[in-house]
> 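Handing you this structure, nothing more for now.
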Amino acid sequence: MDLKPDHSIMPRRELSRLFHRRLFVVAGSILLLLVTAVSLSARKEHATQPASQEAATQPYQQERSAQSAPSCLTPLRASDSTSSFAEARALLPAIPEEPLPLPPEMRSTAPPLPPVSPPDPDSETTVYGYVGPYYNTETLGGRVTVLDQTLYKWPTSTWKMSGMLRNETRCPVHVTALNARLLGSHGELLAATTASVPVDTLRPGEPSPFVIGASVSATSVHTIDWHVDFAFTEAPDKKLQLVEYFEGRANGYDYDLEGAIGNRATTTTRGVQVVVAWLDFQGNGRVLYVSPATLSRYSAPGVPLRTIDLEGRKDAIFRFGTTEPALIPLLGEARVAIWGTTK
């Protein structure tokens with residue numbers, strides 16, 4: 001009797017399971033062959049890829065590295081090197097000199113002389129939008145600071161002081177507040193006060209005047225802790241040139257200061273205003289008084305305005321006057337610093 005299994009009578013379920021198992025093995029083998037072929041093809045393509053394509057992301061990284069400019073707060077000392085001095089001079093919004101109309105045979109072909117640093121960078125400066133001292137790009141300490149040499153303590157019973165702060169960073173700033181903590185002889189806090197400044201957008205090296213006060217006895221204030229709140233901003237695009245008719249005259253009855261401001265741009269500059277500070281001669285340039293001036297057009301000189309829209313290549317008149325007896329001799333013996341700015 002033959003006891004071998006008879007596959008002809010094997011159940012249909014077992015035959016179906018065997019068929020699907022063999023089909024799965026064959027499909028897996030085909031899939032493995034396809035993956036291997038794709039991998040070999042990719043390796044071959046990578047091996048033959050040009051170097052320029054292989055480093056396609058490197059230029060972007062190099063560009064990012066090249067764009068990393070010096071920090072706005074990095075100190076700058078123009079006395080360190082020739083390149084530092086050139087950088088300091090480039091930060092000044094200098095008014096270009098108009099060349100003389102010389103005939104070709106009289107024009108010099110020699111190279112221009114290198115710029116010479118003035119002995120005192122805080123001396124009188126004339127640039128776009130400013131005439132006066134303390135505009136200094138040669139000594140930038142990386143902060144906005146109050147200039148101690150400009151501080152003037154008013155002869156009042158309560159504490160009041162005027163002076164200048166200066167943007168000593170490499171970038172334009174917007175000053176939001178000037179803060180002062182008034183301390184007594186033992187370091188105790190007497191008062192904390194805040195003031196705004198009339199020229200609040202400052203270019204690198206540009207000063208701004210201020211007047212600040214508090215309701216405490218002037219004699220009790222021993223030291224002052226200054227702090228300036230500011231934020232970096234866009235550079236003000238202004239080409240305002242100040243031309244004084246005279247620095248001011250006092251005849252015993254009044255004091256008058258008049259001058260002209262011109263827009264040297266070809267487009268209209270809006271919201272032009274003029275701010276004046278009076279500095280003493282004997283006290284190393286202390287700020288005695290600060291005030292805005294009024295503006296008027298040549299076509300309507302009798303209409304004073306605080307701000308004016310000044311068309312391109314046009315001029316306007318600015319004026320300050322007072323009849324206060326205490327101010328007439330004070331301002332009449334002072335020199336002026338004048339800002340032409342925008343609001």
> Flag yes if Y128 and L202 sit in one hydrophobic cluster, no otherwise; membership is Ile, Leu, Val, Met, Phe, Trp, Tyr, and two members link when side-chain heavy atoms are under 4.5 Å apart.
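No, Y128 does not connect to L202 through the hydrophobic network.
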> Any side-chain heavy atom of R270 within less than 4.5 Å of one from T268?
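Yes, side chains in contact.
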> Check this for me: E124, atom CD, are more than 12 non-hydrogen atoms of other residues, nucleotides or ligands nearer than 6.0 Å?
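Count over threshold, so yes.
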> Are any of the side-chain heavy atoms of R335 and L279 separated by less than 4.5 Å?
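When only atoms from C-beta onward are counted, L279 and R335 do touch, with a gap below 4.5 Å.
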> Find the distance between SG (C72) and CG (L140) and round it off to the nearest 0.5 Å.
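Nearest 0.5 Å value for the SG-CG distance: 11.0 Å.
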> Which pair of non-hydrogen atoms, one from E206 and one from W339, has the smallest distance, and what is that distance?
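E206 and W339 have their closest heavy atoms at OE2-CD1, 3.6 Å.
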> Do S208 and L165 come within less than 4.5 Å of each other through their side chains, counting heavy atoms only?
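Heavy-atom side-chain distance check passes, below 4.5 Å.
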> So does Y298 have more than 12 non-hydrogen atoms from other groups sitting under 6.0 Å from OH?
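Atom OH in Y298 is packed in, count exceeds 12.
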> Any side-chain heavy-atom pair from R306 and P292 closer than 4.5 angstrom?
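With C-beta onward as the side chain, the pair touches.
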> Do W159 and I224 touch side chain to side chain, with heavy atoms closer than 4.5 Å?
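Yes, at least one pair of side-chain atoms sits under 4.5 Å.
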> Indicate the atoms forming the closest heavy-atom contact of T233 with H174, along with that distance.
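So the two residues come closest at CG2-N, 3.8 Å.
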> Please report the closest heavy-atom contact between Y134 and M164, naming both atoms and the distance.
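Shortest heavy-atom contact: CD1-SD, 3.7 Å.
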> Strictly below 4.0 Å, N to O, side chains only: are D315 and R264 in salt-bridge contact?
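Salt bridge present between D315 and R264.
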> Side chain of K153, backbone of A218: donor and acceptor closer than 3.5 Å?
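Answer holds: yes.
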> Counting only heavy atoms not in R77 (residues, nucleotides, ligands), do more than 12 fall under 6.0 Å from its CZ?
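Atom CZ in R77 is crowded, with more than 12 foreign heavy atoms closer than 6.0 Å.
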> Excluding sequence neighbours, so at least two apart, what forms salt bridge (charged side-chain N to carboxylate O under 4.0 Å, His left out) with D256?
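If we apply the salt bridge (charged side-chain N to carboxylate O under 4.0 Å, His left out) test to D256, skipping adjacent residues, the hits are R319.
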> Answer yes or no: is there a donor N or O on one side and an acceptor on the other, between the side chain of D225 and the main chain of L182, under 3.5 Å?
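No; zero donor-acceptor contacts below 3.5 Å.
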> State yes or no: are the ring centers of F232 and F230 separated by less than 6.0 Å?
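Centroid distance F232-F230: below 6.0 Å, so yes.
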> Out of curiosity, L240 CG to Y130 OH, how far, rounded to the nearest 0.5 Å?
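Going from CG on L240 over to OH on Y130, the span is 15.0 Å.
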> Can you tell me if E188 has over 12 outside heavy atoms packed within less than 6.0 Å of its CD?
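Buried by this count: over 12 neighbours within 6.0 Å.
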> Are the side chain of T223 and the backbone N or O of V221 linked by a donor-acceptor pair below 3.5 Å?
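A pair under 3.5 Å: no.
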> Looking at every heavy atom in both P198 and P209, which two are closest together, and how far apart are they?
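Looks like CD-O, 3.1 Å.
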> Find out if a path of hydrophobic residues (ILVMFWY) with successive side-chain heavy-atom gaps under 4.5 Å connects L76 to V127.
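No, separate clusters.
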> When hydrophobic residues are tied together by side-chain contacts of less than 4.5 Å, even through go-betweens, does L151 share a cluster with L330?
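Same cluster: L151 reaches L330 through Ile, Leu, Val, Met, Phe, Trp or Tyr contacts under 4.5 Å.
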> Let me confirm one number: the CG-OG1 distance from D237 to T269, rounded to the nearest 0.5 Å.
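Here the rounded value is 7.5 Å.
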> I would like to know whether W226 and L178 meet side chain to side chain contact (heavy atoms under 4.5 Å, CB included); could you show each step before the answer?
CA-CA 8 Å; W226 299 102; L178 170 64; 3.9 Å; yes
> According to a 4.5 Å side-chain heavy-atom criterion applied to Ile, Leu, Val, Met, Phe, Trp and Tyr, with indirect links allowed, do L73 and V173 form part of one hydrophobic cluster?
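Yes: a chain of side-chain contacts under 4.5 Å links L73 to V173.
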> Hey, does I261 have a side-chain heavy atom less than 4.5 Å from the side chain of L295?
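Heavy-atom side-chain distance check passes, below 4.5 Å.
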> Less than 4.5 Å apart, side chain to side chain, heavy atoms only: is that true for R181 and L189?
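With C-beta onward as the side chain, the pair touches.
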> Quick one, T139 and D122 - any side-chain contact, counting heavy atoms below 4.5 Å?
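Side chain of T139 against side chain of D122, heavy atoms only: no contact under 4.5 Å found.
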> Side chain to side chain contact (heavy atoms under 4.5 Å, CB included), that's the test. Do R297 and V303 meet it? Break it down for me.
CA-CA 8 Å; R297 302 182 184 278; V303 183; over 6 Å; no
> For the pair R166 (side chain) and L147 (backbone), establish whether a donor and an acceptor sit closer than 3.5 Å, ignoring hydrogens and angles.
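Judged by distance alone, no pair lies under 3.5 Å.
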> Partners of D254 by salt bridge (charged side-chain N to carboxylate O under 4.0 Å, His left out), sequence neighbours excluded?
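Testing D254 for salt bridge (charged side-chain N to carboxylate O under 4.0 Å, His left out), a comparison that skips the adjacent residues, returns none.
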> Rounded to the nearest 0.5 Å, what's the gap from CZ on F320 to CD1 on I338? Could you check?
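Those atoms lie 12.0 Å apart.
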> Does the R203 side chain pair with the main chain of C171, one donor and one acceptor, at a distance under 3.5 Å?
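Not a single qualifying donor-acceptor pair exists.
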> Is the backbone N or O of R286 less than 3.5 Å from a side-chain atom of D280, with the two atoms forming a donor-acceptor pair by type?
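Side chain of D280 to backbone of R286, a donor-acceptor pair under 3.5 Å: yes, one is there.
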> State whether the side chain of S185 and the backbone N or O of H222 hold a donor-acceptor pair below 3.5 Å, judged by distance alone.
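Answer holds: no.
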> Return the orientation label for the Y289 and W278 ring planes: parallel under 30°, perpendicular over 60°, tilted otherwise.
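Tilted: the ring planes of Y289 and W278 meet at 30° to 60°.
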> L288 and L257: same hydrophobic cluster, using ILVMFWY side-chain contacts below 4.5 Å?
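Both belong to a single hydrophobic cluster.
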> For A250 versus I328, what's the shortest heavy-atom pair and its separation?
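Closest approach of A250 to I328: CB-CG2, 3.6 Å.
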> May I ask you to decide if L91's main-chain N or O and T137's side chain share a donor-acceptor pair within less than 3.5 Å?
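Looks like no, no N/O pair under 3.5 Å.
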> In Å and rounded to the nearest 0.5 Å, what is the CZ to OG distance from F85 to S79?
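Answer for the CZ-OG pair, F85 versus S79, is 10.5 Å.
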> Looking at V211 and S162, what are the two nearest heavy atoms and their distance?
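Taking V211 first and S162 second, the nearest heavy atoms are CG2-CB, 4.0 Å.
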> CG/D80 to CD/E138 distance, rounded to the nearest 0.5 angstrom?
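CD of E138 is found 11.5 Å from CG of D80.
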